[in-house]
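The block underneath contains the structure these notes are about, expressed in structure tokens.
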Amino acid sequence: MSLEADDLLLFARVMEAGSFSRAAERLHLPKSTVSRRMAALEERLGEKLLQRSTRRLALTEFGQGVLEHARVVASEVDGALALALHRQQRPRGRLKVSMPGDFAQQALPDMLARFVRDNPEVQLELDLSPRRVDLIAEGFDLAIRMGTLPEDSQLAARRLALIGTGLYASPGYLALHGEPQLPEALSSMHGLMILSRHGDAQPWKLRRGEDPTREHWEGLPQLKTLVNAPDMLLRMACADVGITAVGSHFAQPFVDRGELVRVLPDWELPPVPCWAVFPERRLMPLRTRAFLDAMVEVLSRCPKAVAG
């Protein structure tokens with residue numbers, strides 16, 4: 001004999017309401033569905049639960065015993081719903097997030113501090129290592145990733161921003177080596193470049209203008225320094241070492257302080273998408289939604305990049 005908890009829950013709701021019609025109304029079900037399911041429950045149990053009349057429902061002795069168990073099920077369901085409602089009123093609980101350390105330091109220090117201050121019932125755990133974590137196996141709620149995402153049917157993704165990127169150097173470096181007027185001049189400059197996962201440098205792919213027929217240039221400086229930490233490249237550029245590619249939003253504070261200037265300002269690199277990646281699930285905890293909303297607010301201030 002197979003008995004579902006939903007059947008006991010329905011029985012408890014019918015007795016709470018006092019009639020099939022009122023139970024059907026409260027549960028947003030057709031009265032015929034409630035009646036059919038109750039009859040099917042009695043058939044599975046092999047005994048009558050209710051004596052029906054036109055005016056009221058009367059429990060049988062057997063029905064009284066089953067109702068005690070049904071009320072336990074209903075109580076557990078009500079308790080779970082109350083807990084969920086309470087948790088949705090304020091963000092709370094453990095929130096485990098992975099993101100690149102340089103991204104957190106350059107773009108989010110104020111936002112992270114404000115989130116912790118405004119959500120005292122959330123225990124934030126930040127992994128700022130450069131590795132790509134396994135969200136499911138390691139129990140992460142959220143990861144921030146840059147660039148192209150691999151296919152993963154177990155994960156969902158939301159693009160938070162498309163970050164425009166340009167070339168930057170210090171005034172000191174340009175005073176010593178000259179400011180390039182055309183992309184071809186970059187070949188003789190010192191390039192401060194990201195070390196790819198394959199252990200090499202990715203060429204700079206520059207474009208000018210927003211028209212589909214816009215000019216393109218692709219190439220590599222002859223002299224290169226490769227580092228897998230964008231923050232270090234930024235620091236080296238400020239120290240008059242060479243030219244580096246930086247998200248315009250992240251470079252702006254250094255430009256405002258006179259530490260960096262835009263090189264070839266009419267040219268830009270392909271924009272870099274910033275993604276929030278999380279386990280595929282229908283209901284996202286409020287703490288995760290609150291964190292995402294805070295990030296979106298900050299990243300919405302990034303200059304709008306032209307995709308393509």
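In this chain, numbering begins with 1 at the start of the sequence shown.
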Should Leu174 and Val263 be marked as a side-chain contact (heavy atoms from CB on, under 4.5 Å) after you check the CA-CA gap, both sets of side-chain angles, and the distance that decides it? CA-CA 9 Å; Leu174 297 177; Val263 176; 4.3 Å; yes
Between [atom1] of [X] and [atom2] of [Y], what distance do you get to the nearest 0.5 Å?
X      : Y      : atom1 : atom2 : value
Trp275 : Leu142 : CH2   : CG    : 14.0 Å
Asp293 : Leu286 : CG    : CG    : 9.0 Å
Gln51  : Leu59  : CD    : CG    : 10.0 Å
Leu223 : Met189 : CG    : CE    : 11.0 Å
Glu43  : Met38  : CD    : CE    : 13.0 Å
Leu41  : Leu10  : CG    : CG    : 8.0 Å

Report the residues that fulfil side-chain contact (heavy atoms from CB on, under 4.5 Å) with [X], sequence neighbours left out, ordered by chain and then residue number.
X      : answer
Leu126 : Val97, Met99, Leu112, Leu124, Leu128
Pro203 : Glu218, Leu220
Ala237 : Leu192, Thr244, Leu260
Thr33  : Pro30, Arg36, Arg37

By ring-ring contact (aromatic ring centres under 6.0 Å, His included) - contacts of [X] (at least two apart):
X      : result
Tyr173 : His177
His69  : none
Phe115 : Phe291

What pairs meet the side-chain hydrogen bond (donor to acceptor under 3.5 Å, both in side chains) rule with one or both residues in residues 251-266, with sequence neighbours excluded?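 Counting only pairs at least two positions apart or across chains, the side-chain hydrogen bond (donor to acceptor under 3.5 Å, both in side chains) contacts touching residues 251-266 are Gln252-Asp256, Arg257-Glu259.
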Suppose the criterion is side-chain hydrogen bond (donor to acceptor under 3.5 Å, both in side chains): which pairs have a residue in residues 219-229, not counting sequence neighbours?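 Counting only pairs at least two positions apart or across chains, the side-chain hydrogen bond (donor to acceptor under 3.5 Å, both in side chains) contacts touching residues 219-229 are His190-Thr225.
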Heavy-atom side-chain contact between [X] and [Y] under 4.5 Å:
X      : Y      : answer
Leu45  : Phe62  : yes
Ile144 : Cys274 : yes
Leu269 : Trp204 : yes
His216 : Leu206 : no
Val246 : Leu167 : no
Ile163 : Phe250 : yes
Met295 : Met111 : yes
Leu182 : Trp217 : no

Nearest atoms (heavy-atom pairs only) where [X] meets [Y]:
X      : Y      : result
Met193 : Ala201 : SD-CB, 4.2 Å
Pro91  : Glu121 : O-CB, 3.7 Å
Arg94  : Gly139 : NH1-O, 4.1 Å
Leu135 : Ala143 : CD1-CB, 3.7 Å
Gly242 : Ala169 : O-CB, 3.8 Å
Gly258 : Pro171 : O-CG, 3.6 Å

Would you check if the side chain of [X] reaches a backbone N or O of [Y] as a donor-acceptor pair within less than 3.5 Å?
X      : Y      : answer
Arg145 : Val277 : no
Glu42  : Leu49  : yes
Gln181 : Glu179 : yes
Glu47  : Thr60  : no
Asp134 : Ile136 : yes

Same apolar cluster (I L V M F W Y, side chains within < 4.5 Å links), [X]/[Y]:
X      : Y      : answer
Val296 : Leu108 : yes
Val261 : Ile243 : yes
Leu57  : Leu29  : yes
Val272 : Phe103 : yes

Hey, could you give me each pair passing salt bridge (charged side-chain N to carboxylate O under 4.0 Å, His left out) that has a residue in residues 21-30? Not counting sequence neighbours.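 Passing the test, one end in residues 21-30: no pairs.
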Decide whether Thr288 and Asp141 meet the rule of one side-chain donor and one side-chain acceptor closer than 3.5 Å.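 No, no side-chain donor-acceptor pair sits under 3.5 Å.
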Strictly below 4.0 Å, N to O, side chains only: are Arg207 and Glu215 in salt-bridge contact?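 Looking at Glu215 together with Arg207, the answer is no, because their closest N to O distance does not fall below 4.0 Å.
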Salt bridge check, Glu125 against Lys96: does any charged N sit closer than 4.0 Å to a carboxylate O?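 No, this pair does not count.
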Check step by step if side-chain contact (heavy atoms from CB on, under 4.5 Å) holds for Asp102 and Leu234. CA-CA 10 Å; Asp102 57 285; Leu234 194 57; over 6 Å; no
So Arg13 and Glu16, salt bridge (charged side-chain N to carboxylate O under 4.0 Å, His left out) or not? Walk me through it. CA-CA 5 Å; Arg13 298 307 190 208; Glu16 287 173 3; 3.3 Å; yes
Could you list the residues that satisfy salt bridge (charged side-chain N to carboxylate O under 4.0 Å, His left out) with Asp231, not counting sequence neighbours?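 With sequence neighbours excluded, Asp231 shows a salt bridge (charged side-chain N to carboxylate O under 4.0 Å, His left out) to Arg235, given in chain and number order.
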Check the surroundings of atom CD in Glu184: do more than 12 heavy atoms from other residues, nucleotides or ligands lie under 6.0 Å from it?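 Yes, enclosed.
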Could you give me the CA-CA distance, side-chain angles and deciding distance for Glu138 and Arg131, then say whether salt bridge (charged side-chain N to carboxylate O under 4.0 Å, His left out) is met? CA-CA 13 Å; Glu138 299 181 57; Arg131 68 189 182 93; 2.8 Å; yes
Intermediate values then yes/no, side-chain contact (heavy atoms from CB on, under 4.5 Å), Leu195 and Val227: CA-CA 5 Å; Leu195 179 65; Val227 182; 5.9 Å; no
Apply side-chain contact (heavy atoms from CB on, under 4.5 Å) to Trp267 and Leu186, showing your working. CA-CA 12 Å; Trp267 295 78; Leu186 294 171; over 6 Å; no
Name all pairs fulfilling the ring-ring contact (aromatic ring centres under 6.0 Å, His included) condition that reach into residues 218-238, sequence neighbours left out, sorted by first residue then second.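 Found none.
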